[in-house]
Novice: 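Here you go, one structure.
These numbers come from the heavy atoms of this one structure, side chains and all, not from hydrogens, waters or symmetry mates.
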Amino acid sequence: DEHSAEMAIQMLRYTPRVTVVTNSGALGMRTETVERLDLHGVRLVVGRIGGARAQKGEPGMLATLRLESEEEVAAEHLFSVQGADPETALATSLGVPLTEDGYVAVDVEGRTGVPGVFAAGDVTKLFAHQIAAAVHEGATAANALNAYLSEKDEEAFRAARGLAIA
C-alpha cells in the first residue's frame, strides 16, 4: 500500500537496492506511487512469499525469497511492513475519541479523552508502527498511568479521612 511504498523509498538511505514484495491483488497503490517507486529504482514484485533460503556461510543473511509461484527474488535482508487497521473496538466501547483516520486519540503520554484510559502502540499511530516505538509508547503510557493512579489513591486517602484534596 502507500505506507509500504514510502517505507521502501526510506530504506534507500541504507541500501541502494530495495524490492517491494506485495501479495497478489493487494497493491492498493495509486498509479503515481508505482511510478515514484520506479523513478527511485525500487523493484515491485507482486506475489505471496512462500519461504526463504538462508545464504550458506553468511549467518543472518538471506539468499532469496521464494514466492508461492516458485519465483525466487534475490534478497539479503527482509524488512516486513504489515498494514493493518487499528483494533479500536475496546476503546470505542469505553467512549474514547478516535482521530479522523480511525486511531485512538492520545497525547504524548498516552492519555485518551476518557479519564483513566490510556493507549499506546499501533492503535494510536503516534510514531512509526514498529516494535521499538510501541515499547517506548507503552512504557511512557504505563508511567503516566501509574502517576494518574497515585493521584487517585491520594485523593481517596484524603477523602476517607475528611482532609482537603490538594
Side-chain angles (χ1 to χ4, degrees), residues 1-15 18-30 32-34 36-37 40 42 44 48-52 54 59-62 65 68 75-166:
D1 62 6
E2 298 292 320
H3 176 69
S4 299
E6 186 60 38
M7 291 298 295
I9 291 169
Q10 288 179 18
M11 294 301 292
L12 290 170
R13 293 183 189 132
Y14 307 105
T15 180
V18 175
T19 300
V20 172
V21 179
T22 184
N23 293 341
S24 179
L27 280 175
M29 290 182 206
R30 298 185 324 263
E32 299 82 18
T33 303
V34 174
R36 185 170 172 230
L37 288 173
H40 284 278
V42 175
L44 182 60
R48 187 173 296 277
I49 297 172
M61 302 278 279
L62 298 175
L65 290 176
E68 286 180 350
E76 294 175 347
H77 304 285
L78 178 64
F79 185 84
S80 177
V81 178
Q82 300 293 323
D85 294 324
E87 294 292 335
T88 58
L90 175 61
T92 55
S93 74
L94 296 172
V96 173
L98 302 180
T99 63
E100 282 184 20
D101 49 353
Y103 290 87
V104 173
V106 294
D107 68 9
V108 295
E109 291 187 324
R111 287 181 190 86
T112 70
V114 175
V117 178
F118 290 69
D122 290 354
V123 74
T124 67
K125 197 179 179 184
L126 271 184
F127 300 106
H129 289 256
Q130 295 181 12
I131 292 170
V135 168
H136 162 74
E137 289 175 31
T140 301
N143 283 323
L145 176 58
N146 187 49
Y148 172 85
L149 292 174
S150 291
E151 289 172 17
K152 293 300 174 190
D153 285 347
E154 182 64 19
E155 289 173 10
F157 176 81
R158 291 182 158 281
R161 285 161 182 74
L163 302 171
I165 298 174

Novice: Applying side-chain contact (heavy atoms from CB on, under 4.5 Å), name anything that partners D107, two or more places apart in sequence or on another chain.
Specialist: E109, R111
Novice: If you define the side chain from C-beta out and look only at heavy atoms, does anything of T19 sit under 4.5 Å from V42?
Specialist: no
Novice: Which donor-acceptor pairs under 3.5 Å do side chains of residues 157-166 form with protein atoms, sequence neighbours excluded?
Specialist:
{"from": "R158", "atom 1": "NE", "to": "E154", "atom 2": "OE2", "distance (Å)": "3.1"}
{"from": "R158", "atom 1": "NH1", "to": "A164", "atom 2": "O", "distance (Å)": "3.1"}
{"from": "R161", "atom 1": "NH1", "to": "F157", "atom 2": "O", "distance (Å)": "3.3"}

Novice: Could you please spell out the steps behind the side-chain contact (heavy atoms from CB on, under 4.5 Å) verdict for T15 and H77?
Specialist: CA-CA 10 Å; T15 180; H77 304 285; over 6 Å; no
Novice: Write down the atom of V114, the atom of P97, and the distance for their closest heavy-atom approach.
Specialist: CG2-CD, 4.5 Å
Novice: If we ignore hydrogens and angles and just use 3.5 Å, is the side chain of T88 paired with the main-chain N or O of T92 as donor and acceptor?
Specialist: no
Novice: Looking only at heavy atoms, what is the nearest atom pair of M11 and V18, with distance?
Specialist: CB-CG2, 3.9 Å
Novice: Please tell me if the side chains of T140 and V108 come closer than 4.5 Å, counting only heavy atoms from C-beta onward.
Specialist: no
Novice: Take a 6.0 Å sphere around CD of E32 and say whether it holds more than 12 heavy atoms from other residues, nucleotides or ligands.
Specialist: yes
Novice: Hey, what do you get for CZ (R30) to CZ (R36), rounding to the nearest 0.5 Å?
Specialist: 9.5 Å
Novice: Which residues satisfy the side-chain contact (heavy atoms from CB on, under 4.5 Å) test with A120, sequence neighbours excluded?
Specialist: E137, A141
Novice: Which atom pair, heavy atoms only, marks the closest approach of P86 to D122?
Specialist: CB-O, 4.5 Å
Novice: For E155, what residues pass the side-chain hydrogen bond (donor to acceptor under 3.5 Å, both in side chains) criterion, not counting sequence neighbours?
Specialist: K152
Novice: Which distance, rounded to the nearest 0.5 Å, do you find between the CZ of F118 and the OG1 of T112?
Specialist: 7.5 Å
Novice: Enter the distance from M7:CE to Q10:CD here, rounded to the nearest 0.5 Å.
Specialist: 5.5 Å
Novice: Okay, side chain of N143, backbone of A139: is any donor-acceptor separation there less than 3.5 Å?
Specialist: yes
Novice: Tell me every residue that passes side-chain hydrogen bond (donor to acceptor under 3.5 Å, both in side chains) with T33, counting only those two or more places apart in sequence or in another chain.
Specialist: E2
Novice: Would you say that K125 contacts D101 through its side chain, given a criterion of any heavy-atom pair below 4.5 Å between the two side chains?
Specialist: yes
Novice: Can you sort out the partners of E151 under side-chain contact (heavy atoms from CB on, under 4.5 Å), two or more places apart, ordered by chain and number?
Specialist: none
Novice: Could you measure the distance from the CD1 atom of I49 to the OG1 atom of T22? Nearest 0.5 Å is fine.
Specialist: 9.5 Å
Novice: For a quick test of reading the model, state the closest non-hydrogen atom pair linking E87 to V123 and the distance between them.
Specialist: O-CG2, 3.5 Å
Novice: Which heavy atom in A91 sits nearest to a heavy atom in V104, and how many Å separate them?
Specialist: CB-CG2, 3.7 Å
